[in-house]
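The chains referred to below are lettered A, B, ... by the order of the sequence lines, with proteins before strands, and numbering in each begins at 1.
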Protein chains: 4
Amino acid sequence: MTPKGPKWTRQPDRRPQQIIAAALDVFALKGFRRATMDAVARAAGVTKGTIYLYFSSKEDLFIQTLRVHVEQVADLLPAFQLEGEIPADDSARMVTRKLLDALMTPNMAKAMPLFVAEVKHIPALRKAYVEEWLPQVNFRLAEVFSRGMEAGLIKQLDPVITARAIIGMFSEFILTQQVFELKDITPMELDAIADTIVTIAFHGVLAAR
Amino acid sequence: MTPKGPKWTRQPDRRPQQIIAAALDVFALKGFRRATMDAVARAAGVTKGTIYLYFSSKEDLFIQTLRVHVEQVADLLPAFQLEGEIPADDSARMVTRKLLDALMTPNMAKAMPLFVAEVKHIPALRKAYVEEWLPQVNFRLAEVFSRGMEAGLIKQLDPVITARAIIGMFSEFILTQQVFELKDITPMELDAIADTIVTIAFHGVLAAR
Amino acid sequence: MTPKGPKWTRQPDRRPQQIIAAALDVFALKGFRRATMDAVARAAGVTKGTIYLYFSSKEDLFIQTLRVHVEQVADLLPAFQLEGEIPADDSARMVTRKLLDALMTPNMAKAMPLFVAEVKHIPALRKAYVEEWLPQVNFRLAEVFSRGMEAGLIKQLDPVITARAIIGMFSEFILTQQVFELKDITPMELDAIADTIVTIAFHGVLAAR
Amino acid sequence: MTPKGPKWTRQPDRRPQQIIAAALDVFALKGFRRATMDAVARAAGVTKGTIYLYFSSKEDLFIQTLRVHVEQVADLLPAFQLEGEIPADDSARMVTRKLLDALMTPNMAKAMPLFVAEVKHIPALRKAYVEEWLPQVNFRLAEVFSRGMEAGLIKQLDPVITARAIIGMFSEFILTQQVFELKDITPMELDAIADTIVTIAFHGVLAAR
DNA sequence: TATGAATGAGTCTTCATTCAT
DNA sequence: GATGAATGAAGACTCATTCAT
């Protein structure tokens, strides 16, 4: 009954994105090694051979898949004006909340454990981490703290270590709530998480004397 | 002292530990899926068939391997007297430093990414996390904070979220320094890490007014 | 002279030769099965689809490729006047030398092992050998010997076997020097080969009594 | 009804020969690239995996298969006392006839075209040819001629070229009669071939004046 | 006529698991 | 209990061929 259309259509421009989107889902669901190219192809609505027109190997597809989605997050960061002054509590809360919105997404929950799982086994991933991720996130935040220390606004600490400790608080919530799927077991409001992170980061847990 | 010893000796009691120790190394080096039973057998000094006398499958071996090593960490915690009072800065620094010593070990660096990588794909791992790790570590620390809040020593925050944020700082350093092998790229003294974590956790990054 | 020329031009007449010339190179370099239609297309400066406009399949292309180049050799033979009398030693040496020039060429070195390799698997090749090569070369040469025997110039032997034995001497040098690429390991002057072949063929290796 | 025996039996000693024998048949029937490991396994009565217990790859299996069968022939040569004097016609005929018996066998007909077809593409084959085959056959025979020349029994010619020309006569009959399957089209008695080869090799085709 | 994106069957190779010894 | 030969089910990747453009 379907009017006879072509069996397939050429879409050389869309194919890569289409395949990468499907790949993230399949890789996230199964993990890199468990995922099959057949499953990715099926999810992308193409055949296995088509994937190899655009990616040279399963590993290449994996790396590019993570790159695209990690870069989507990296592209967000400038919007948070990390270059500016240390903000006041209230505005820091808002920024943190927006950051959590951006980070605690399904795609991030998919990409992050894949990254952790494979970074030791796929050299290109570690290279990307060291050469791109680390400077863009950790070092950039450390720079903010550095300037704050010079201005006397921030305690004298190692800025890179400090930045990483702060990042650690974010990472933990992504990992546990999203990846380990604790959302149902320890439900948490994003507002409460943001509030806690900012309070600790700025003032620590100790009650004011 | 017999000139011709047997090729192998029966060691039914020691075999499981022997295999598990080898398994951690091989799994850590290769990841769960990449690791082969042959490689584990070779590392354990037995043959493939022998493993199946003690473990019903590769997954079973993996779960038991992680269980043993994760429990080794969990067993450490009581020694840190988390049940007690909120310690003063100096003694907190010492405890934190000792905790880092215990956590930033090769075995932890081996077990942690394996856990993160496979928790989504091996239900028994998530079960172990939710039923053992979460109560023993996150909830226990939350309990400490809870008591501190009641005593007016700690700010009024969600104790579970607070505990997890603090844990996040530890995790991040294990992941990055050990797993991502940043030790050479961003070398950090454990003392400096401990100092930073305690300072932030207790007082935050803001300079005293 | 138009500034924007078309990407391709219609050349239906030249295409087959163009493709066949490229095909010989690629098939020779890789062998029939290892050679890909993509590689042939690239070498011919067209695309894969175009080949199928002129050849119905890879096997068809292969058969036609060998046919053309084998015929090029067959076409040479009449020039050597095999129909004539048994020549004297000196003129036989010259003819043999010219024959070697014609046979120990790159194209012959390309076609011959392809033929040997695939004759068992591609019926059309064996058919071509039996129906064309054998009559044109082996039987024709046998005929020369036959006449020589009748004239009492040649020893009484089976003419077909005799012809094939002589052909075998030529083949061996093509195979070893060209195909097995022994040119550097056992370098041989074509003159010396011609001399040896003629001497053996006419007089044998035994020293005159 | 069959009394329940084991599904399979261990035969680690016989397996390699068993597989190699099957491999020669399958490779000869199909050619290296067309032959599948599945077909070899089936022919050997084992499963694919078993082949890989004994051979590291298809290419390795191929090389070892040719090596074994080629060596079977090489091992025959010493029996022909090539080291001795140049024999008289009659005894040369007998030796040649025996050599043809040894060379024009099914296994030789299987191995030879495989060798010719793949020597360009599998470096190990060319290495074996240059380092083993060439010295054992061509150079050894050249040595016989060399001594004959010194003794004045053989014409002054290049001994290596001479040896190769003689070998060429043998090869041609193996290739054409066996590989191209001309046995039915140009049937030849082995005695007649031996007679012709010896006559030409010793005395040439020209009738005695 | 020419293109080259897309197909999909085919193959080598790996490896967890079984089982004869 | 221990071995390791053998199994057999996958799975990554290739490539001749087709067909939408």
Side-chain angles (χ1 to χ4, degrees), chain A residues 5-15 33-41 45-59 61, chain B residues 6-12 15 33-41 45-61, chain C residues 6-12 15 33-41 45-61, chain D residues 5-15 33-41 45-59 61:
Chain A
K7 289 181 189 169
W8 47 267
T9 55
R10 297 185 164 207
Q11 306 192 1
D13 295 341
R14 293 188 189 170
R15 286 282 183 254
R33 292 288 296 218
R34 251 176 285 254
T36 69
M37 292 300 265
D38 250 323
V40 174
V46 298
T47 58
K48 233 183 327 183
T50 300
I51 299 180
Y52 285 91
L53 293 178
Y54 299 97
F55 304 92
S56 64
S57 67
K58 188 184 179 185
E59 186 170 309
L61 172 61
Chain B
K7 284 184 191 170
W8 44 265
T9 55
R10 298 190 179 196
Q11 303 192 349
R15 283 276 184 264
R33 291 283 298 206
R34 256 175 280 255
T36 68
M37 294 298 265
D38 249 324
V40 173
V46 299
T47 57
K48 240 182 324 185
T50 303
I51 299 179
Y52 284 88
L53 296 174
Y54 299 99
F55 303 90
S56 64
S57 68
K58 189 185 179 187
E59 185 170 310
D60 179 38
L61 171 61
Chain C
K7 285 185 190 168
W8 43 265
T9 54
R10 299 189 177 194
Q11 305 191 348
R15 283 277 183 263
R33 292 285 297 206
R34 255 177 279 254
T36 68
M37 293 299 264
D38 250 324
V40 173
V46 298
T47 57
K48 241 185 319 186
T50 302
I51 299 179
Y52 283 88
L53 295 175
Y54 299 97
F55 302 91
S56 65
S57 68
K58 189 185 179 185
E59 186 170 310
D60 179 37
L61 171 62
Chain D
K7 290 180 190 171
W8 47 266
T9 55
R10 297 186 167 208
Q11 306 192 5
D13 294 341
R14 291 188 190 171
R15 285 281 182 254
R33 292 287 296 219
R34 251 176 285 254
T36 69
M37 293 299 265
D38 249 323
V40 174
V46 299
T47 58
K48 239 183 321 184
T50 300
I51 299 179
Y52 285 90
L53 293 176
Y54 299 98
F55 304 91
S56 64
S57 66
K58 188 185 179 185
E59 186 171 310
L61 172 60

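Distance Arg34(B) CZ to dC15(E) P: 11 Å, rounded to the nearest Å. Atom CZ in Phe55(D) sits about 14 Å away from atom P in dA5(F), given to the nearest Å. Taking atom CG of residue Leu53(C) and atom P of nucleotide dT17(F), one finds them 14 Å apart after rounding to whole Å. Distance, Leu61(D) CG to dT11(E) P: 16 Å, rounded to whole Å. In this structure, NZ of Lys58(B) is placed 13 Å from C1' of dA10(F), rounded to the nearest angstrom. Computed from coordinates, the Gln11(A) CD to dG4(E) P distance equals 18 Å when rounded to whole Å. Rounding to whole angstrom units, CZ of residue Arg14(A) and C1' of dA6(E) are separated by 16 Å. Look at CG on Asp13(A): it is 14 Å from C1' on dT21(F), rounded to the nearest Å.
Contact between Arg33(D) and Lys58(D) at its shortest, heavy atoms only, is O-NZ, 3.4 Å.
Across all strands shown, dG4(F) pairs with dC19(E); the Watson-Crick or G-U wobble distances both stay below 3.5 Å.
Rounding to the nearest 0.5 Å gives a distance of 11.5 Å between CG of Asp60(C) and CD1 of Ile51(C). Between Lys48(D) atom NZ and Met37(D) atom CE the span is 9.0 Å, to the nearest 0.5 Å.
In this structure, Ala35(A) reaches the sugar-phosphate backbone alone: every heavy-atom distance under 4.0 Å involves primed, P, OP1 or OP2 atoms, never a base. Contact annotation for Tyr54(D): backbone-only contact, meaning every heavy-atom pair under 4.0 Å involves sugar-phosphate atoms and none involves a base. Nucleic acid contact for Lys48(D): base, since at least one base atom lies under 4.0 Å from a heavy atom of the residue.
Contact annotation: Thr47(B) reaches the phosphate of dT3(F) (side-chain N/O to OP1 or OP2, under 4.0 Å). Taking only side-chain nitrogens and oxygens, Arg15(D) comes nearer than 4.0 Å to OP1 or OP2 of dA6(F). Between Lys7(A) and the phosphate of dC19(F), there is a side-chain N or O to OP1/OP2 separation shorter than 4.0 Å. In this model, the phosphate group of dT3(F) is approached by a side-chain N or O of Thr50(B) to a distance below 4.0 Å at OP1 or OP2.
For Val46(B) and Val46(D), each mapped to the nucleotide of DNA chain F holding its nearest heavy atom, the one lying further toward the 5' end belongs to Val46(B). Nearest-nucleotide assignment on DNA chain E puts the 5′-proximal partner with Ile51(A), out of Ile51(A) and Arg33(C). Ranked by how close their nearest DNA chain F nucleotide is to the 5' end, Ser57(C) and Ser57(A) are led by Ser57(A). Residues Ser56(D) and Glu59(B) both approach DNA chain E. Their nearest nucleotides, taken by heavy-atom distance, put Ser56(D) toward the 5′ side.
For Tyr52(B), whose side chain is taken as the heavy atoms from C-beta onward, the closest listed nucleotide among dT18(E), dA6(F), dA16(F) is dT18(E). Closest to the side chain of Met37(C), from the set dG4(F), dT21(F), dA16(F), is dA16(F). Distances from the side chain of Trp8(D) to the nucleotides dT18(E), dC15(E), dT7(E) place dT18(E) closest.
Side-chain N/O atoms of Gln11(A) and Thr9(A) include a donor and acceptor closer than 3.5 Å.
Inter-residue side-chain proximity for Leu53(D) and Arg15(D) is flagged as unmet; no heavy-atom pair is nearer than 4.5 Å.
Scanning atom types as modelled, one donor and one acceptor separated by under 3.5 angstrom connect the side chain of Arg10(D) and the base of dG4(F).
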